[in-house]
Participant: 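Mind having a look at this structure? Questions to follow.
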Amino acid sequence: MKGSYYTFYQRASNAFRDHPNLSKILIIGTISGGGLVAYSEVRPFGNHVYADAAQPTIKKKKVVVLGTGWAGTSFLKNLKDPSLDVQVVSPCNYFAFTPLLPSVTVGTVEARSVVEPIRNIVRKKNFDVRFKEAECFKIDTVNKKVHCKSTQTSNLGGKEEFTLDYDYLVIAMGARANTFNTPGVVENAHFLKEVEDALRIRRSIIDCFERASLPSLSEDERRRILHFVVVGGGPTGVEFAAELHDFLHEDLLKLYPDLKKYISITLLEAGAHILNMFDKRITDFAEEKFKRDGINVKTGSMVVKVSDKAISLKEISSGENKDLPYGMVVWSTGIGTRPVIMDFMKQIGQGNRRVMATDEWLRVEGVPNVYALGDCSTINQRRVMEDISAIFSKADKNKTGKLNVEDFTEVINDITERYPQVELHLKSKKLKNFVQLLKSQQDEAAKKSTQLDIEKFKAALSEVDTKMKSLPPTAQVAAQQGEYLAKCFNRMKECEENPEGPIRFRDTGRHRFKPFRYKHLGQFAPLGGEQTAAQLPGDWVSIGHSTQWLWYSVYASKLVSWRTRVLVIGDWGRRFIFGRDSSRI
């Protein structure tokens, strides 16, 4: 009997070994003696496929990704090439939906609702992606290594250091808050870049109210403690000021009614207007609404120092200095470069720049196989006038020095694709195409002869480079760059054989990929009181309560997972019914 059982199991084992597909059939015996047949997709442990000794081992390209913000996470989500060995390094083991951080500061949305663990994102891949919770402190391009150290607390065994080799390096480390070296900002101000920043602001708001409610304080001290100052009139500063106003007047004053007369909010902006990157209609509406809501908007005010109880201001118009007492200050004035990126820039000869430069394919200038995207870098768009002679020569196949406008038909698409400022220039001049631009520079005699020489060609394009613009450091740009770079990696082998990019004007052949092109999808500015302003493509401006619902739907759709969507929508519903929570946790 034992022999027959052994023979059966031996045969079954041989069958599963010889026919791996049989491993997908799983027979589960039930207690009653019945049977349930289930189909199971069996995957090897750790996503590794163990090959027989006779099969050749394919060496995978090592890709190291630094950062799990918008750019890094978008890259990971869209990466599909199983021939890559991917390692991710970041001090945060999650992706945070940063546009909702102002809502987190006042409890409109809970912190855990806007974050998604990186391991949840990468585990869905059909190839190996490993994550290390650590920070990179040095990049060695000579030996193709990144040096990292853990961010764990010392009681877990100290700060471990390690190195990772790479074939391709993707730098998506984001940026830090820019203090412009203003004294006292780091020591006394709150920032709003990370989830931890939002939680600290939330606790600080409650602390201000609890302290102001103590009976021993003077009237002036209460007024100082309940004076909330926001430095920076950009989208983040304006949205936080609006969220703070709603929190104070809709929730906290119900709990602290005796403190109403002491509360004040001031928004400081060095420029002439808040939201100066938006349409003037939005700027005017925002300033008028804040005035009605009692938010004091002080434009033309530059912060020169921040102490523990007061902000020193300089009025740009008059040069007068003032001191502004405060209880809490939030600093939201733009971004600066991280120290590790600054060191790397010096190493690669970019030490004189404020931010790391890449080309239109997101490759770091001067370093092979290193890419940078998101807030830590900017695209150094090549100027048309730098290549004007090469472009003319490429079109002048007969080398006559004279061209018909029709001779450009083969390179027109390549010119507009390689130099996006050409398209912007055409729109500004209200010209339909590149040929119209060339003809617009010809006199009547030249139009009749349809001849164009190099000098007239230069004259036609002389103003094109004035339309060049740097991309804004927004989540939208970073996400699109991550998606673009992932698609390039996915199609790398295919495009090496069949390049799809524009013509190389200074060389032969074509570029491997099409250059990155940012597509602006619009921008929102929540202004409180269930009102939002939106500037959408086509110069369409929408302001009011209906735009708030558009904001809700767009942000819900952009959340990284269904888990976060459900949580955020639930938080919005909870706030409508029960209000915001004021507990200090």
Side-chain angles (χ1 to χ4, degrees), residues 43-44 47-49 51 55-67 70-88 121-130 141 144 164-172 358-374 377 379-382 387 394 409-420 423 471 477-519:
R43 295 178 64 184
N47 294 337
H48 292 288
V49 178
Q55 294 179 339
T57 302
I58 300 174
K59 185 179 179 182
K60 294 186 175 184
K61 293 288 186 179
K62 297 178 181 178
V63 180
V64 174
V65 182
L66 302 178
W70 279 94
T73 301
S74 177
F75 175 77
L76 292 171
K77 284 188 66 180
N78 290 280
L79 195 63
K80 298 177 181 178
D81 188 353
S83 68
L84 300 176
D85 177 13
V86 184
Q87 301 223 46
V88 186
I121 296 173
V122 301
R123 72 183 174 86
K124 300 174 184 177
K125 296 292 179 183
N126 61 352
F127 56 93
D128 218 12
V129 181
R130 285 161 287 174
T141 57
K144 289 190 174 183
L164 295 175
D165 298 320
Y166 70 83
D167 294 304
Y168 299 103
L169 177 63
V170 178
I171 305 174
T358 71
D359 62 14
E360 299 90 329
W361 292 269
L362 307 183
R363 300 173 299 194
V364 177
E365 292 186 347
V367 189
N369 296 335
V370 178
Y371 300 82
L373 47 159
S377 64
I379 295 176
N380 191 15
Q381 177 62 48
R382 192 169 182 85
D387 299 330
K394 185 71 72 172
T409 54
E410 294 185 13
V411 295
I412 283 174
N413 291 335
D414 296 289
I415 292 172
T416 53
E417 186 174 54
R418 181 69 177 83
Y419 308 96
E423 188 173 353
L471 296 178
V477 171
Q480 290 186 27
Q481 287 181 337
E483 182 179 0
Y484 163 83
L485 188 61
K487 289 179 178 178
C488 291
F489 272 67
N490 294 337
R491 305 181 68 243
M492 193 169 290
K493 292 181 180 178
E494 178 183 343
C495 290
E496 282 179 355
E497 298 174 0
N498 300 297
E500 62 181 18
I503 290 174
R504 296 178 183 270
F505 289 110
R506 290 183 173 273
D507 204 344
T508 58
R510 308 185 77 89
H511 290 278
R512 186 166 45 173
F513 304 109
K514 293 182 178 181
F516 171 74
R517 289 292 174 264
Y518 168 62
K519 184 178 181 181

Participant: Is the CD atom of E417 crowded by more than 12 outside heavy atoms at less than 6.0 Å?
Facilitator: yes

Participant: Under a 3.5 Å distance rule, please check whether D414 uses its side chain to pair with a backbone N or O of I503 as donor and acceptor.
Facilitator: yes

Participant: Taking the side chain from K125 and the backbone from L76, do they hold a donor-acceptor pair closer than 3.5 Å?
Facilitator: yes

Participant: Whether E483 and K487 form a salt bridge (side-chain N of Lys/Arg under 4.0 Å from carboxylate O of Asp/Glu) is what I want to check.
Facilitator: yes

Participant: Determine all donor-acceptor pairs shorter than 3.5 Å in which one atom belongs to a side chain in residues 360-369; sequence neighbours excluded.
Facilitator:
from	atom 1	to	atom 2	distance (Å)
E360	OE2	Q381	NE2	3.1
E360	OE2	R382	N	3.2
E360	OE2	R418	NH1	2.5
W361	NE1	F513	O	2.6
R363	NE	D359	OD2	2.7
R363	NH2	D359	OD2	2.8
E365	OE2	N380	ND2	3.2

Participant: Do you know which two heavy atoms are closest between G67 and V88, and how far apart they sit?
Facilitator: O-CG1, 4.4 Å

Participant: Between atom CD of E423 and atom CD1 of I415, what is the distance when rounded to the nearest 0.5 Å?
Facilitator: 13.5 Å

Participant: Do T508 and R504 touch side chain to side chain, with heavy atoms closer than 4.5 Å?
Facilitator: no

Participant: Heavy atoms only: give me the nearest G72-A172 pair and the separation to one decimal.
Facilitator: N-CB, 3.6 Å

Participant: Could you measure the distance from the NZ atom of K60 to the CG atom of L84? Nearest 0.5 Å is fine.
Facilitator: 8.5 Å

Participant: Under 3.5 Å, is there a donor-acceptor pair between the side chain of N490 and the main chain of N78?
Facilitator: yes

Participant: Got F127 and V122 here, is their nearest side-chain heavy-atom distance under 4.5 Å?
Facilitator: no

Participant: To the nearest 0.5 Å, tell me how far Y371 OH sits from I171 CD1.
Facilitator: 12.0 Å

Participant: Judged by atom type as modelled, is there a donor-acceptor pair below 3.5 Å linking the side chain of Q481 to the main-chain atoms of G374?
Facilitator: yes

Participant: Sub-3.5 Å donor-acceptor pair from the side chain of K77 to the main-chain atoms of G482, do we have one?
Facilitator: no

Participant: Measure the spacing between NZ of K59 and CG of D167 and express it to the nearest 0.5 Å.
Facilitator: 6.5 Å

Participant: Looking at F489 versus Y168, is the centre-to-centre ring distance below 6.0 Å?
Facilitator: yes

Participant: Salt-bridge test for R510 and E500: reply yes if a basic N is under 4.0 Å from a carboxylate O, no otherwise.
Facilitator: no

Participant: Find the distance between CG (L373) and CZ (F516) and round it off to the nearest 0.5 Å.
Facilitator: 9.0 Å

Participant: Less than 4.5 Å apart, side chain to side chain, heavy atoms only: is that true for V170 and V64?
Facilitator: no

Participant: Taking the side chain as every heavy atom from C-beta outward, state whether K61 and S83 have any atom pair closer than 4.5 Å.
Facilitator: no

Participant: I'd like to check Y166 versus L66 (side-chain heavy atoms, cut-off strictly below 4.5 Å). Are they in contact?
Facilitator: no

Participant: Give the C-alpha distance, both sets of side-chain angles, the deciding distance and a yes or no for side chain to side chain contact (heavy atoms under 4.5 Å, CB included) between R512 and M492.
Facilitator: CA-CA 8 Å; R512 186 166 45 173; M492 193 169 290; 3.7 Å; yes

Participant: Are the side chains of D387 and Y419 in touch, meaning some heavy atoms are under 4.5 Å apart?
Facilitator: yes

Participant: Between T416 and N413, is there a donor-acceptor pair closer than 3.5 Å when you use the side chain of the first and the backbone of the second?
Facilitator: yes

